[in-house]
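All remarks here apply to the structure that follows.
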Amino acid sequence: MSKKLLCWNALALSLALALAGCSHEGADWKSATAADTSEAYQQFLTQHPNSANAVQARTRIQQLQEDRDWQAATAADTRDAYEQFLTQHADSKWAQEARIRIENFAQSNSAAAANAAAAAKASAPAEAAAKAAATPPSMATGGYAKNPAPVAATQYVQLGAFSSEARAQAQWKKLKAKYEHELSSLTPRYVGAGKVKPRQLVRLQVGTVSRAAALGLCQKLKKHAQSCVLVKTG
């Protein structure tokens, strides 16, 4: 057999082996994507570390781990769980939602402390003043005003933090319908709306005529497990 023929045979064999290897890699990749588990992608990387699909496999492993950690955080549903998730996945697609939930936990804790302090200092005149200030004028006649005049706010309370103004507005509509007696005469404001800072939270707040009225409002809302915390003034 001539030297030239031997070279052609070696080339053909190399090509055949390369094609077989590509075919095997393709089948392994198809199996990994069909299983769509971290274990399947890791096995593929072990077998084909230099594959063109290696980057995609590593990315998918990270996404799956992130999803598992988010599910664990939401299952625990505690401030510590969400903070731990952010520590591990600061740039996750769930990061903004985790920050919002942490914010709401902070509000709930602050509201509980404020309500406890207010209850210890409460007096009959203060409670009467809070009730009068928080009650819509139309209640004197036994009904509700269709278009109550907004109060001249001197003290604000925060009812939640959201990822957009639209979500804050939607929540306000729900709260106003649910707590018509308490909120019908109040006007909301959306702090942070219109800003374009990264991870900006929009805070839903309403104004009351006095601190006593704000404390009375939060006391009523907290009885229904609704977050409510006084906003610092001045």
Side-chain angles (χ1 to χ4, degrees), residues 36-38 41 55-56 58-118 153-179 182-183 186-208 211 214-215 217-234:
D36 197 31
T37 64
S38 296
Y41 290 116
V55 173
Q56 187 175 347
R58 294 187 182 94
T59 300
R60 186 56 183 153
I61 290 173
Q62 183 177 355
Q63 291 173 344
L64 290 169
Q65 182 61 53
E66 180 183 308
D67 289 345
R68 281 196 297 270
D69 290 345
W70 177 247
Q71 290 173 3
T74 54
D77 197 28
T78 64
R79 181 172 180 170
D80 288 343
Y82 293 122
E83 289 178 341
Q84 181 178 357
F85 177 83
L86 283 177
T87 299
Q88 297 172 334
H89 308 284
D91 298 321
S92 165
K93 62 181 179 181
W94 305 110
Q96 177 73 343
E97 181 66 23
R99 291 186 180 91
I100 291 172
R101 297 192 184 192
I102 290 171
E103 173 91 4
N104 287 333
F105 273 113
Q107 288 179 41
S108 297
N109 293 337
S110 297
N115 288 340
T154 60
Q155 175 67 59
Y156 283 87
V157 300
Q158 186 164 310
L159 303 179
F162 306 88
S163 58
S164 68
E165 184 176 359
R167 291 190 176 185
Q169 290 175 341
Q171 180 65 8
W172 168 247
K173 291 180 180 179
K174 293 179 181 179
L175 292 176
K176 189 173 182 181
K178 186 174 182 179
Y179 306 110
E182 292 81 5
L183 302 178
L186 305 182
T187 301
R189 72 176 183 179
Y190 305 98
V191 180
K195 296 182 180 180
V196 293
K197 295 180 180 179
R199 302 167 181 166
Q200 176 68 44
L201 295 180
V202 177
R203 294 167 173 80
L204 169 60
Q205 300 176 355
V206 292
T208 62
R211 181 178 176 82
L215 289 171
L217 174 61
C218 281
Q219 285 176 351
K220 293 178 181 179
L221 295 180
K222 287 295 290 182
K223 290 180 181 178
H224 302 283
Q226 168 56 43
S227 176
C228 182
V229 61
L230 269 65
V231 177
K232 292 183 179 180
T233 57

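Within the 4.5 Å cutoff, side-chain heavy atoms of R211 are placed close to those of L230. Between L217 and V206, the closest side-chain pair of non-hydrogen atoms falls below 4.5 Å. Using a 4.5 Å heavy-atom threshold, the side chains of Y190 and W172 count as touching. Proximity of P188 to L204: side-chain heavy atoms (C-beta onward) are separated by under 4.5 Å at one or more points. Annotation: side chain of E83 is in contact with side chain of I102 (closest heavy-atom distance under 4.5 Å). Looking at D80 and Q84, their side chains never come closer than 4.5 Å, going by heavy atoms from C-beta outward.
The distance from the CZ atom of R79 to the CD atom of E103 is 9.0 Å, given to the nearest 0.5 Å. Going from atom CD1 of I100 over to atom CZ of R203 covers 10.0 Å, rounded to the nearest 0.5 Å. Here the NZ-CG distance, from K223 to L221, works out to 10.5 Å after rounding to the nearest 0.5 Å. In this structure, Q219 CD and L215 CG are separated by 6.5 Å, a value rounded to the nearest 0.5 Å. If you take CG on L64 and OG on S38, they are separated by 4.5 Å, rounding to the nearest 0.5 Å. The line from CG of D77 to OH of Y82 is 3.5 Å long, rounded to the nearest 0.5 Å.
Under the 6.0 Å distance and 45° angle rule, R58 does not count as a cation-pi partner of Y41.
Smallest separation of non-hydrogen atoms from A95 and A90: CB-O, 3.5 Å. Counting all heavy atoms, side chain and backbone alike, A168 lies closest to V202 at CB-CG1, 4.1 Å. A pairwise comparison of heavy atoms in V157 and C218 identifies CG1-SG, 3.8 Å as the closest pair.
Side-chain contact annotation: E66 with Q62, donor-acceptor N/O pair under 3.5 Å absent. Of the N and O atoms on the side chains of T208 and Q155, not one donor lies less than 3.5 Å from an acceptor on the other residue.
Residues meeting the ring-ring contact (aromatic ring centres under 6.0 Å, His included) test with W94, sequence neighbours left out: W70. The salt bridge (charged side-chain N to carboxylate O under 4.0 Å, His left out) search around R101 returns E97, not counting sequence neighbours. Here Q65 pairs with R68, D69 under the side-chain contact (heavy atoms from CB on, under 4.5 Å) rule; sequence neighbours left out.
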**OP:** Please assess K222 against V229 for the test side chain to side chain contact (heavy atoms under 4.5 Å, CB included), listing each intermediate value before the final yes or no.
**Re:** CA-CA 10 Å; K222 287 295 290 182; V229 61; over 6 Å; no
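With hydrogens and angles ignored, the 3.5 Å screen pairs a side-chain donor or acceptor of T74 with a backbone N or O of Q71.
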